[in-house]
Amino acid sequence: MGNVKLQIHADINAMEEEAGQSGAGNPSRTTVACMINAEIGAVLAVMRRNVRWGVHYMSDDDQLEHSLVQSLKALRRQIFSWHSQWHVINPVMYLQPFLDVIQSDETGAPITGVALSSVYKILTLDVIDQNTVNIGDAMHLVVDAVTSCRFEVTDPGSEEVVLMKILQVLLACVKSKASVMLSNQHICTIVNTCFRIVHQAGTKSELLQRIARYTMHELVRSIFCHLQDIDVTDHASENGSTALKEEIDGQKNEHNSANSQLENGSLISASDSQSVSTGIASNTLSDVAAIVVDVNTAASSGKETDPNEQLMNEPYGIPCMVEIFHFMCSLLNVVEHMGMSPRLNTIAFDEDVPLFALTLINSAIELGGSSFHRHPKLLSLIQDELFGNLMQFGLSMSPLVLSMVSSIVLNLYHHLRTELKLQLEAFFSCVILRLAQSKYGASYQQQEVAMEALVDFCRQKAFVVEMYANFDCDITCSNIFEDIVNLLSKSAFPVNSPLSTMNILALDGLIAVIQGMAERIGNGSLSSEHSIVNLEEYTSFWLEKCENFTDPDNWVPFVGRRKQFKKRLMIGADHFNRDTKKGLQFLQGTHLLPDKLDPQSVAFFFRYTTGLDKNLIGDYLGNHDEFCVDVLHEFARTFDFKDMALDTALRIFLETFRLPGESQKIQRVLEAFSERYYEQSPHILANKDAALLLSYSIIMLNTDQHNSQVKKKMTEEDFVRNNRRINGGNDLPREVLSGLYHSICKNEIRTTPEQGSTFPEMTPSRWIYLIHKSKSTAPFIVSDCKAHLDYDMFAILSGPTVAAISVVFDNAETEEVYQTCMDGFLAVAKVSAYYHLESILDDLVVSLCKFVTILDPLSPEESILAFGEDIKAKMATETVFTIANRYGDYIRTGWRDILDCILKFHKLGLLPAQMANDAAEDSEPSTETENGKRYAKSLSSSQLLSVNTPKRSSGLISRFSQLLYLGEETKSEPTEEQLAAQQSSLQTIQKCHIESIFTESKFLQADSLLHLVKALKSAGVKPKKGSEDEDTSVFCLELLVAITLNNRDRIELLWPDVYEHISNIVQSTVMPCTQVEKAVFGLLRICHRLLPYKENITDELLKSLQLVLKLDARVADTYYEQITQEVSNLVKANASHIRSQLGWRTITSLLSITARHLESSEAGFDALFFIMSDGAHILPANFVLCVDAAKQFAESRVGQVERSVVALDLLAGSINCLEKWTNDAKQVMTEEEVAKMLQDIGDMWLRLVQGLKKLCLDQREEVRNHALLLLQNCLTGSVGIHIPHDLWLQCFDQVIFTVLDDLLEISQTQSPKDYRNMEGTLVLAVKLLSKVFLLLLQDLSQSTHFSKLWLGVLNRFEIFMKVKIRGRKSDKFQELVPELLKNTLLVMKAGSVLERSSSSGDENSLWELTWLHINNIAPSLQSEVFPEQDSKQLEQKQTEQVGDRGPAENVSPPSNETAGEDGSGNGIG
């Protein structure tokens, strides 16, 4: 026994090696000869050890040696004499002696075993291949010898060794290079022999069992790996042999009897006889081996061989593969042969033969792959027999069997799904989806395996798309995709915490589907824009066809339309189930049925609409109404009963509705069925009456056999007797009736079919109908992995998926599951964003954010610690901000939740203190935005201990210290855990790149941006008392300003909301606070930044600054210095961009106010100086405003007098702008425009001099006198400005005369201490009057109002002549007034303005009135200026003398020429 065991182990090692390999490489001729010689010696040596063979050596010389020994010795003598190469030597010569030993029934197991080893060694040498001489015969001899191996059993161990070596040699035959020479019958024989050893090994050692199964597995792999290399050239070989098939079918009983012995143990009992040799090919051959024997017998007897037998003798190919595959499928029928159901078997039996058969089948499919579809015979086996068995064993109680079935179906899906459309639908509906739910009685193990299988399918890229396109969009099929989604989402919800494996599996499936959609983004249409279904008129939508199922341009619109029809049909079915009549009317109203009902359309509706109440259909079809009868017959015509047994056809027919209980209705229904059946299957039946009678008989038999109230059951003889002479007066064949009887007895016809069963059970009759239907069903649509239908699928999938992921994430406890959930959330977000499904994205954000805000009830210190240690919260945080940064364009209401998270981190001090400012700074063109750069700067390791919360002086460490010092137990510093939590929290926030939401907001779509702004407004409403609330409000305001600055190109979109928010803050604040400070300066900052870029909104921006003017006094006083500085900077940067009067009004109003504030006046005046200096930024729009502002600064006594003087200079200097505008207008404008412009300039000029007038009355002497001089300069310097007569007269009345009158009044009524040196001011005023009057004399003299003007001048001279300063007359005026008056008269005389009129004595004449006043001033002037004897020479001389005097004492009368020039220069054009 020791030798036996060693030999067994040696054989095992040899089995593990590849049979075709040889360590010797390509051995030489001598080496091969030595090897064969050694094998001969080994066989002879073992034979000598046996007494039977040893006798021949010890006997006398006359006794001959045994023929086996002689042949071996003869070979030994010849082997070294062969000089040719081994490939030209006939292998039969050196194989035959060994084969004789193997076939001899006289040799014992040890001898046979050694001979088999020798053959194995020769086969594995590289000397035998397909080119070797006579290799075909040699290989046939080897197979024949080994498969008919005979030996005498001596002990069980040696027997097992021989069996192992048989397996070894047969496998080597198939794997050798010469295997191509084997015929189909030899391959079948090899497989059959190996399989029989597998069964025989059931009573042997486990080692033999494992080796036998391994060999069988390798055989199948070796055979079917050649399937891809076989071309479809020989149709005869492809189609197989009809006779061969019939012979196989005829020998089923023998095969079945062989299988039936499995239950009791081995097929071969080698120990029955100790001396009788045991042959493997004895009486236990299965069908394949029997055929081979028959073929051999026929060939050897010289009879004519059948063509099919010749086919089996050809080199192996499709015929043997068909037989082997059929043989493997038949192994799955063993349960049927034993009359047992898989669900009633024990697990042990369930996992034995079926599992082994399934493993073999799976290997064949893995290696054959898609090549199966090129061979109809093999494909037919897979479509019908194999898949039928898979459906049956899929419901096995054994998880191993279910797992293997699922693996096979997955392989079939990959390779042959285009040929297995309805089979796949049935598998998912009746097996996977059924088992994965507990409500159908499946065990937890079954549920888990089914769920694993379903998830594996979902991981295939095209699977869900193809399920949706082929089934959900087909009105005759189930909604497989929708059922899968519903199952996965429900299964992902944990019933009780913690999560189960099933929950995680279901989640994996959902996420796999979503990630598949995310990967397809960009590959295909943006949305499923199917052609709109026209329901304005009725169309036979079930007859609609697709032109090309391989072209997405054709099938995508087609399935889209079909899906829409299907949805509408579901609604129609619901209406029908509630009320038949109203339901049909509704269907007519929606054009799903024609306006005038026809039987065919109603029949098709009943036939192909799922979800209809089958009781209602049965009642309708059984109705005696003529229309209903017509519908019944049309309904029957929708079935295809061709080549179908009557009972099967009846089962299929009655499964679509409930057979009515009334006999008349049953009669009508069966008549329609019989007519249709006879029409399609008239082979046996004589007429349709025969079909009707037999159908009735079947119904009665069914009731008899399966009604518990019937005690005496009908026998087969009774059934046959009841159906005599019904076939046109003749009897039906007994075998037909017998088959019907047993079929009904075995499987009941359910006349009350399942109502609304989502996942029905597959019955044999349903399977037969499925196979029939599959021949005419629409082709399977193969997806091209593009997003053609993803929009519609995502609409179904998204809601349940988000809910399921959220629940799983909430209940999960491991980081791996957390990450899975986050991957799912990101995939959902990606798809939602791609298809612009904002509501889904918002729901997703809300679901995620709730995992971040759970920290709210804790204190800041506890929150930081909790957040740093909570992996779930950190992962949710990273994910929600990843979504916000990537897909922010499509977030709407979700911004509020995201902002809540941001504010939470802000309160905890986890955000950089300057985040909002940094976000705003990024709007500068020069700023580089690199995510994380600011974090790296602001959250460096050296600063981790001092992260500040806004408006708090304490960092995290300080807060920890305060917390720790409050109690009795105090610690000096935070623990390592606390620091680690803080570090972890900061790193998480850094990864989130929160600031990018705001710095990159310029890229957000408008709707999303508006929602973000509204969220900030909502979160930043005016806080209640409390620093934390104010911090939040201030932070939101800063972010709002930052977003505004970053979106300058879309300021029109944002401005209403931003302005409203800031306005509410400003107008509702009565005390200084950080919020109003940020609001005001944020507003100024926005204006400062955006004015250069948005001219169309400049006025609106500047108008908003009026909010500053509405500040409460206490607030304004607090911040006005900084406000003024900001306004000053704004003006300096943007003066050239401010064009409108409205804008300038706001600016100058802000600047004017500063004149009254000591702290802010300097900056305000600086800005005004910038505007008005040299007229740089003075425009017609802002001239008056600037003049008013400068006047206020000049009037202001806040600050030094010098500033008022400078302000006066600015006022006076603006006259140059008026002159420039006048010249420019004349050059470029039309006459009308010039006239309008000059009128406006005149108004501005008047406003200017009026402003100076007021300052001429200032209490400060320097200001007062300077204002008078500047007023004089402005009036006399208006040379280039065309001022009309009436405006000058108005100027005299309102400005010049008023100044003199007011100054005079001040000098008389005010204290000299308050108004110092008023006399000097009055002198300047009188000189101003004289000078301006003389300058304008020639022009104004033509005016009708000149007399009034002249009298006004004289009146002022007269008043000033009499004025008293400090109680006495002024000497200065006594000298100055006559002198000025004299000069004026001389100029008037020279210009002929004043002369005696011809009508002397007119008291109202200018002459008379003039001298009336002058006589009161200086009576001697008349004689001096107009002597009675006057000559022109004297007048000229006097005029020249006047001109020679100094300018301070008098005004020289200009010559006519000069006067003319001045007149023309100052003419009022």
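These values consider heavy atoms only, across backbone and side chains, with no hydrogens, waters or symmetry-generated copies. These numbers were taken from a predicted model, which means no experiment stands behind them.
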Exercise. Calculate, to the nearest 0.5 Å, the distance between atoms CG and OG1 belonging to L68 and T107 respectively.
Key: 7.0 Å
Exercise. Check the pair I187 / I324 against side-chain contact (heavy atoms from CB on, under 4.5 Å), numbers first and verdict last.
Key: CA-CA 9 Å; I187 292 295; I324 293 169; 3.6 Å; yes
Practice problem: First locate atom CG of N362, then atom CE of M404, and finally report the distance between them rounded to the nearest 0.5 Å. | Solution: 5.5 Å
Quiz item: Do H375 and M321 come within less than 4.5 Å of each other through their side chains, counting heavy atoms only?
Solution: no
Quiz item: Heavy-atom distance under 4.5 Å between the side chains of V191 and L170, does that happen here?
Solution: no
Self-check item: Modelled atom types, side-chain donor and acceptor of E160 and S205, under 3.5 Å
Solution: yes
Quiz item: Can you tell if the side chain of L227 reaches within under 4.5 Å of the side chain of L367, non-hydrogen atoms only?
Solution: no
Practice problem: List the atom of Q423, the atom of F387, and the distance in Å for their closest heavy-atom pair. | Solution: O-CE2, 3.6 Å
Quiz item: Within the distance-only criterion (no hydrogens, no angle test), does the side chain of S370 pair as donor or acceptor with the backbone N or O of H415 below 3.5 angstrom?
Solution: no
Quiz item: Measuring from L390:CG to S406:OG, what's the distance to the nearest 0.5 Å?
Solution: 9.5 Å
Self-check item: Euclidean distance, I102 CD1 relative to K165 NZ, rounded to 0.5 Å
Solution: 10.5 Å
Quiz item: Do the non-hydrogen side-chain atoms of L72 and V101 ever get within less than 4.5 Å of each other?
Solution: yes
Self-check item: E419 side chain to Q383 backbone, donor-acceptor under 3.5 Å
Solution: no
Quiz item: Side chain of S104, backbone of D100: donor and acceptor closer than 3.5 Å?
Solution: no
Exercise. Take L116 and Q168 through the test side-chain contact (heavy atoms from CB on, under 4.5 Å) and record every step on the way to the result.
Key: CA-CA 9 Å; L116 286 167; Q168 192 179 45; over 6 Å; no
Exercise. Quickly, which of V401, L402, V405 forms a side chain to side chain contact (heavy atoms under 4.5 Å, CB included) with S396? Name it, please.
Key: V401
Self-check item: Exercise: identify the closest heavy-atom pair between F98 and A115
Solution: O-CB, 4.0 Å
Quiz item: Does T124 use its side chain to pair, donor to acceptor, with the backbone of K121 at less than 3.5 Å?
Solution: yes
Quiz prompt | Any donor-acceptor N/O pair, R210 side chain to L207 backbone, under 3.5 Å | solution = no
Quiz item: Can you check whether M181's main-chain N or O pairs, donor with acceptor, with H140's side chain at less than 3.5 Å?
Solution: yes
Quiz item: Any idea which heavy atoms bring L420 and L412 closest together, and the distance?
Solution: CD1-CB, 3.8 Å
Exercise. Kindly compute the distance separating CG (L395) from CD (Q392), expressed to the nearest 0.5 Å.
Key: 8.5 Å
Self-check item: Non-hydrogen side-chain atoms of T132 and N90 separated by less than 4.5 Å
Solution: no
Quiz prompt | Heavy-atom side-chain contact between K175 and E218 under 4.5 Å | solution = yes
Exercise. Look at the rings of F457 and Y413 and say which category their plane angle falls in: under 30° parallel, 30 to 60° tilted, over 60° perpendicular.
Key: perpendicular
Quiz item: Side chains of D155 and S158: do they bring a donor and an acceptor to under 3.5 Å?
Solution: yes
Quiz item: Is it true that R150 and E106 make a salt bridge, defined as a side-chain N closer than 4.0 Å to a carboxylate O?
Solution: no
Quiz item: Nearest heavy-atom pair of L360 and H217: which atoms, and what distance?
Solution: CD2-CA, 3.6 Å
Exercise. Provide the closest heavy-atom pair for E385 versus S330 in the form atom of the first, atom of the second, distance.
Key: OE2-N, 3.9 Å
Practice problem: Starting at CD1 of I365, measure out to CG of L416 and round the result to the nearest 0.5 Å. | Solution: 7.5 Å
Self-check item: H226 and Y316 aromatic ring geometry - parallel, tilted or perpendicular at 30°/60° bounds
Solution: perpendicular
Practice problem: Go through the steps for I361 and L332 under the test side-chain contact (heavy atoms from CB on, under 4.5 Å), then give the verdict. | Solution: CA-CA 10 Å; I361 291 169; L332 296 174; 3.9 Å; yes
Exercise. Of all the heavy-atom pairs spanning T147 and T189, show the shortest one and how long it is.
Key: CG2-CG2, 3.5 Å
Self-check item: Chi angles and distances behind the side chain to side chain donor-acceptor pair (under 3.5 Å) call for E314, S183
Solution: CA-CA 5 Å; E314 292 180 359; S183 66; over 6 Å; no
Quiz item: Taking C-beta and beyond as the side chain, do F325 and L386 meet within less than 4.5 Å on heavy atoms?
Solution: yes
Quiz item: Just wondering, do C173 and L123 contact through their side chains at under 4.5 Å, heavy atoms?
Solution: yes
Exercise. Please test R374 against S371 for side-chain contact (heavy atoms from CB on, under 4.5 Å), starting from the C-alpha separation and ending with a verdict.
Key: CA-CA 6 Å; R374 295 185 296 165; S371 301; 3.4 Å; yes
